[in-house]
2 protein chains.
Amino acid sequence: MAKEEYNISELSSEFNITPRALRFYEDKGLIKPIRNGQNRIYSRKDHARIIWILRGKRVGFSLSEISEVLNLYYQDNGLKKQRLATIKACDEKISALEITKENINETIRELNALKDSVEDLKKNIPLKE
Amino acid sequence: MAKEEYNISELSSEFNITPRALRFYEDKGLIKPIRNGQNRIYSRKDHARIIWILRGKRVGFSLSEISEVLNLYYQDNGLKKQRLATIKACDEKISALEITKENINETIRELNALKDSVEDLKKNIPLKE
DNA sequence: TTTTTACTTGACCTTAACGTAAACGTAAAC
DNA sequence: GTTTACGTTTACGTTAAGGTCAAGTAAAAA
């Protein structure tokens, strides 16, 4: 029984982000809460989009890149051209992420090499304190 | 026979970055070219550091994080405390990178799911155009 | 009925990582 | 001997992603 509606403080505490950030994402068009009087009410769709936003940020996407992807999700994909464009956009993001993964692996190898060199030192230099 | 010295335009064209960026990294203490008169001369060590800087940027490190790691490399590791600190710092970076990798994998799965949903649509909706 | 409490809208502030333009030095090329 | 090419410093500008007030509304609690 998932919630259908959320107010700003519920979301900001759930996701551990500030209300300011949520309003900022709204300004940028990433979410579109409706209003109850002056107050924002976030839907399940907004909730799902916020999950995407935060995951996107964790992998290094900018808000405008995230916006592009979100637009892919929620758009009409009736036309072939549209669908092909969506698939292409996904493939591009995926290969960018694969490249980042390779860079991460390279960096991890470098860091391990650094560790090894320091640990080798341990063998050659008498331990001091 | 690798080069021993570089000037700013050689490096900026080799790495495809601007001279401004190289001067900026110097301001931040990431590289320390010596001078020939007023002109900068970059050593092989600077060259190696730039490789690290750019790789670090590709995996989402900030310049100050990169600076930390570079300092680990080129510092005196004679003392046990120092070496343990270096190893700990490496391990922390490595686990952060592993987490990022997991987030990337999650994101790739999401993007593939999006692709699938669009491709399923292809089966259900007659192709137009 | 007055206080809280939660929420709102501006509006300006901040940090990172350079970009960009001005003004100047110097050495090679013409 | 003066352009041209390449380099320098100084300094202000820019974008992204919010942070941080200030001032006001509105409902709920005391």
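A note on names: the letters A, B, ... follow the listed sequences, proteins ahead of strands, and every chain is numbered from 1. Quick note: numbers below take in every heavy atom, side chains included, and nothing from hydrogens, waters or symmetry partners.
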| Interatomic distance where CD belongs to A/E65 and P belongs to D/dT15 [whole Å] | 18 Å
Taking only N/O atoms, report every protein-nucleotides 16-20 of chain D pair under 3.5 Å with atom names and distance.
| from | atom 1 | to | atom 2 | distance (Å) |
| --- | --- | --- | --- | --- |
| D/dA17 | OP1 | A/L63 | N | 2.9 |
| D/dG18 | OP2 | A/Y25 | OH | 2.9 |
| D/dG18 | OP2 | A/K57 | NZ | 2.8 |
| D/dG19 | OP2 | A/T18 | OG1 | 2.6 |
| D/dG19 | N7 | A/R20 | NE | 3.2 |
| D/dG19 | O6 | A/R20 | NH2 | 2.9 |
| D/dT20 | O4 | A/R20 | NE | 3.1 |

| request: Answer yes or no for B/R49 and B/W52: cation-pi contact, defined as NZ/CZ to six-membered ring centre under 6.0 Å and angle to ring axis within 45°. | output: no
| message | Please report the distance, rounded to the nearest Å, between CG in A/D27 and C1' in C/dA11. | response | 13 Å
| request: Please work out the stems of DNA chain C from pairs that are Watson-Crick or G-U wobble with both distances under 3.5 Å, keeping only runs of three or more consecutive pairs. | output: C:1-30 with D:1-30
| Rounded distance in Å - CG (B/L22) to P (D/dG7) | 11 Å
| said: For B/Y73, does the six-membered ring have the charged nitrogen or CZ of B/K45 within the cation-pi criterion, i.e. under 6.0 angstrom from the centroid and within 45° of the normal? | reply: no
| said: Rounded to whole Å, how long is the line connecting atom CD of A/E26 with atom P of C/dG10? | reply: 12 Å
| task | Would you please confirm or rule out a distance under 4.0 Å between OP1 or OP2 of D/dC6 and any side-chain N or O of B/N7? | result | no
| query | Which pair of non-hydrogen atoms, one from A/I31 and one from A/Y42, has the smallest distance, and what is that distance? | reply | CD1-CE2, 3.9 Å
| Charged tip of A/K3 within 45° of A/Y6 ring normal and under 6.0 Å | yes
| request: Take A/I51 and A/F15, measure what side-chain contact (heavy atoms from CB on, under 4.5 Å) needs, and give me the verdict at the end. | output: CA-CA 8 Å; A/I51 291 176; A/F15 292 114; 3.7 Å; yes
| Salt-bridged, A/K32 to A/E26, with N to O below 4.0 Å? | no
| said: Distance check needed: D/dG7 C1' versus B/E10 CD, whole Å only. | reply: 13 Å
| task | Could you walk me through whether A/R58 and B/T107 pass the side-chain contact (heavy atoms from CB on, under 4.5 Å) test, one step at a time? | result | CA-CA 10 Å; A/R58 287 196 299 271; B/T107 305; over 6 Å; no
| field | Gap between atoms CZ and P, on B/R35 and C/dG25 respectively (whole Å) | value | 16 Å
| query | Atom CZ of B/R23 to atom P of D/dT9: distance rounded to whole Å? | reply | 7 Å
| said: Side-chain N or O of A/R40 versus OP1/OP2 of C/dT8: is the shortest distance under 4.0 Å? | reply: yes
| field | Euclidean distance, atom CD1 of residue B/I8 to atom P of C/dC18 [Å, nearest integer] | value | 13 Å
| query | Strictly by modelled atom types, are B/T100 and B/N103 linked by a side-chain donor-acceptor pair under 3.5 Å? | reply | no
| field | Listed once per pair and sorted, the ring pair (Phe, Tyr, Trp, His ring centres under 6.0 Å) pairs that draw on residues 90-118 of chain A, sequence neighbours left out | value | none
| task | Could you tell me whether the phosphate oxygens of C/dT26, OP1 or OP2, come under 4.0 Å of any side-chain nitrogen or oxygen in B/N39? | result | no
